[in-house]
Amino acid sequence: MKTEFMSAVLPAPTAQSEALFARARAVTPGGVNSPVRAFRSVGGTPRFIASAQGAYLTDADGTRYLDYIGSWGPMILGHNLPAVREAVADALQFGTSFGAPGEREVLLAEQVTRLTGVDRVRFVSSGTEATMSALRLARGATGRKFILKFRGNYHGHADGLLVEAGSGLMTNEGHLGAAAPSSAGVPEEYARLTLVSEYNDPQALDALMAERGHELAAVIFEPVVGNAGVLVPTPEFLAALHRVKEHGTLLIADEVMTGFRLSLRGATGLLGLQPDLICWGKIIGGGLPVGAYGGRADVMDFVSPQGPVYQAGTLSGNPLAMAAGLATLTALENDPGLYARLDAYTAQLASGLKAAAQAAGVPVSVNRVGSMLTAFHQDVPDGSVRTYTDAARSDTAAFAGWFQGMLARGVYWAPSQFESIFVSGAHGDTELNATLEAAQAAYRDLGGRDLGTHEQGAGA
């Protein structure tokens with residue numbers, strides 16, 4: 001049974017968003033261009049955004065929201081940053097796409113290799129392209145065809161990676177079966193080339209590698225998971241990840257979400273990881289469509305035209321995207337105190353959310369790393385949500401009710417229990433206080449309600 005949540009405050013007008021959503025559904029599947037935007041798992045009308053500035057969004061009805069999505073991670077410095085906007089405008093006067101090399105590609109590649117320590121980098125146009133290309137490269141470099149991923153880790157929508165892939169895809173299992181691909185349209189024969197293990201289970205990983213390691217081209221993982229909610233790796237699991245190299249298997253860190261988010265060297269630097277390949281997206285393009293993958297020279301030199309592994313893209317290295325990425329990474333380098341401020345803000349947010357939920361009698365466990373955070377609605381100690389299986393026990397009805405309470409009070413949270421929120425440099429004391437006031441009221445409304453079982457939609 002789907003349970004509607006009635007907020008104690010008057011809802012903001014949504015007439016324009018409703019009209020746009022109706023028009024969109026007539027011409028676009030589900031009315032959106034990425035599934036989680038449809039609000040299927042939380043109910044209500046998705047807000048159609050007209051503009052963004054700093055820590056805020058303004059929708060088509062003129063309502064202003066305090067934003068914790070940040071375009072799902074890229075806006076680490078806040079929306080519409082003048083330095084990024086000016087860099088894009090400067091590049092725009094010379095053209096929008098060349099289909100040929102340009103200086104900005106070289107400059108951004110030099111900056112990425114210097115900051116991350118990789119030898120070579122290849123730009124693409126999305127995170128999905130980055131992970132897909134890195135896996136093809138791993139297969140080409142090793143001559144092996146199998147790969148391994150972890151339950152609840154999402155690496156984009158390439159066929160071989162849509163297997164127990166987390167986020168909104170967790171809701172598809174009732175239709176497809178736990179052993180099936182996470183999406184219709186993915187042949188089981190192709191999915192069988194992807195082996196699956198449990199994130200944060202070092203014994204399971206060691207056992208699988210002992211049996212099948214000689215067949216595996218790569219193990220791909222999210223250093224900090226963001227698409228089953230935030231899951232933090234244990235030291236034992238990180239050690240087991242590094243042991244996969246003993247089998248001649250390449251280790252691929254998917255830093256599409258965490259790259260430049262948790263430090264200038266991403267989660268790789270923060271956690272002391274030593275992967276063979278790293279994938280990036282989101283922040284690396286400053287909000288424009290960009291992805292990249294990079295690693296050791298001896299591996300990357302297998303990529304065409306240097307080597308036999310083919311990968312290409314008409315808009316790869318797009319000058320506008322390169323300009324946005326350069327401006328963003330330069331701004332991050334020029335603000336050495338940013339990551340400490342983001343960490344302090346998010347720590348206070350976590351403490352405030354826990355206190356508000358506890359006062360209202362609502363079970364919540366908060367996981368966070370740096371400026372990434374998820375409030376899991378379940379009755380376990382903080383830090384006990386470590387695996388996909390743990391996360392899936394969350395009370396999605398309670399989350400949906402709380403989400404609507406926050407939205408009604410002007411706070412735009414991620415519309416899924418199984419996502420991270422993202423704090424930006426534009427969030428300050430005013431935003432923190434407003435968020436915690438809204439959370440206290442939303443949890444008070446939620447406390448003691450019998451929400452029943454909330455139906456979720458399928459979307460990532």
Side-chain angles (χ1 to χ4, degrees), residues 1-8 36 39-44 68-69 151-152 154 166-171 173-174 199-200 224-232 346-369 372-409 411-423 435-460:
M1 178 179 71
K2 184 174 180 179
T3 303
E4 297 296 335
F5 176 80
M6 299 303 294
S7 173
V36 79
F39 279 30
R40 289 282 299 277
S41 67
V42 293
Y68 279 97
I69 297 179
R151 300 187 73 217
Y154 177 70
S167 187
L169 292 164
M170 295 169 78
T171 66
E173 289 183 356
Y199 185 85
N200 264 341
V224 173
V225 177
N227 285 283
V230 172
L231 303 179
V232 184
T346 312
Q348 293 179 73
L349 177 60
S351 296
L353 290 175
K354 288 184 284 187
Q358 185 176 18
V362 177
V364 168
S365 177
V366 179
N367 280 8
R368 80 163 191 97
V369 177
M372 297 172 60
L373 176 151
T374 298
F376 292 100
H377 287 69
Q378 55 175 289
D379 191 11
V380 296
D382 285 338
S384 294
V385 181
R386 296 189 179 96
T387 69
Y388 171 101
T389 302
D390 295 337
R393 298 190 184 104
S394 298
D395 185 343
T396 55
F399 172 80
W402 182 73
F403 169 86
Q404 292 293 347
M406 293 291 277
L407 191 67
R409 293 170 173 87
V411 179
Y412 197 103
W413 206 260
S416 168
Q417 171 66 95
F418 306 113
E419 293 282 359
S420 173
I421 61 100
F422 301 95
V423 173
T435 303
L436 294 180
E437 287 178 10
Q440 289 164 6
Y443 278 129
R444 281 197 301 267
D445 284 355
L446 188 63
R449 291 177 181 268
D450 180 11
L451 292 177
T453 301
H454 191 91
E455 294 175 353
Q456 291 197 66

Asp379 meets the side-chain contact (heavy atoms from CB on, under 4.5 Å) criterion, sequence neighbours left out, with Pro363
For the pair Ser394 (side chain) and Gln378 (backbone), establish whether a donor and an acceptor sit closer than 3.5 Å, ignoring hydrogens and angles. no
ring-ring contact (aromatic ring centres under 6.0 Å, His included) with Phe403: which residues, sequence neighbours excluded? Phe39
Side chain of Ser41, backbone of Pro415: donor and acceptor closer than 3.5 Å? yes
Distance-only polar pair, side chains of Thr389 and Arg151, donor-acceptor under 3.5 Å: yes
Just do the side chain to side chain contact (heavy atoms under 4.5 Å, CB included) check on Phe418 and Phe399 with the steps written out, would you? CA-CA 10 Å; Phe418 306 113; Phe399 172 80; over 6 Å; no
Could you check Ile421 against Leu349 for side chain to side chain contact (heavy atoms under 4.5 Å, CB included), going step by step and ending with a plain yes or no? CA-CA 11 Å; Ile421 61 100; Leu349 177 60; 4.1 Å; yes
Going by the angle between their ring planes, with limits at 30° and 60°, are Trp402 and His377 parallel, tilted or perpendicular? tilted
Pair Val385-Leu231, side chain to side chain contact (heavy atoms under 4.5 Å, CB included): steps then yes or no: CA-CA 7 Å; Val385 181; Leu231 303 179; 3.9 Å; yes
Gln348 side, atom CD; Leu436 side, atom CG - distance, nearest 0.5 Å: 8.5 Å
Given the rule in the side chain to side chain contact (heavy atoms under 4.5 Å, CB included) test, do Leu353 and Arg368 qualify, once you have shown the distances and angles that lead to the verdict? CA-CA 12 Å; Leu353 290 175; Arg368 80 163 191 97; over 6 Å; no
Keeping Asp445 on the side-chain end and Gly405 on the backbone end, is there a donor-acceptor pair under 3.5 Å? no
Tell me whether Ser420 contacts the main-chain N or O of Thr374 through its side chain, where contact means a donor paired with an acceptor under 3.5 Å. no
Give, for atom CH2 of Trp413 and atom CD of Gln404, the distance between the pair rounded to the nearest 0.5 Å. 14.5 Å
Going by side-chain contact (heavy atoms from CB on, under 4.5 Å), name the residues that satisfy it together with Ser351, two or more places apart in sequence or in a different chain. none
By side-chain contact (heavy atoms from CB on, under 4.5 Å), which residues pair with Val366, not counting sequence neighbours? Ala350, Lys354, Val364, Leu373, Ala375, Asp382
For Phe376, enumerate each residue passing the ring-ring contact (aromatic ring centres under 6.0 Å, His included) test, keeping only those at least two apart in sequence or located in another chain. none
Applying salt bridge (Lys or Arg N to Asp or Glu O under 4.0 Å), which residue pairs with at least one partner in residues 357-367 are found, sequence neighbours left out? none
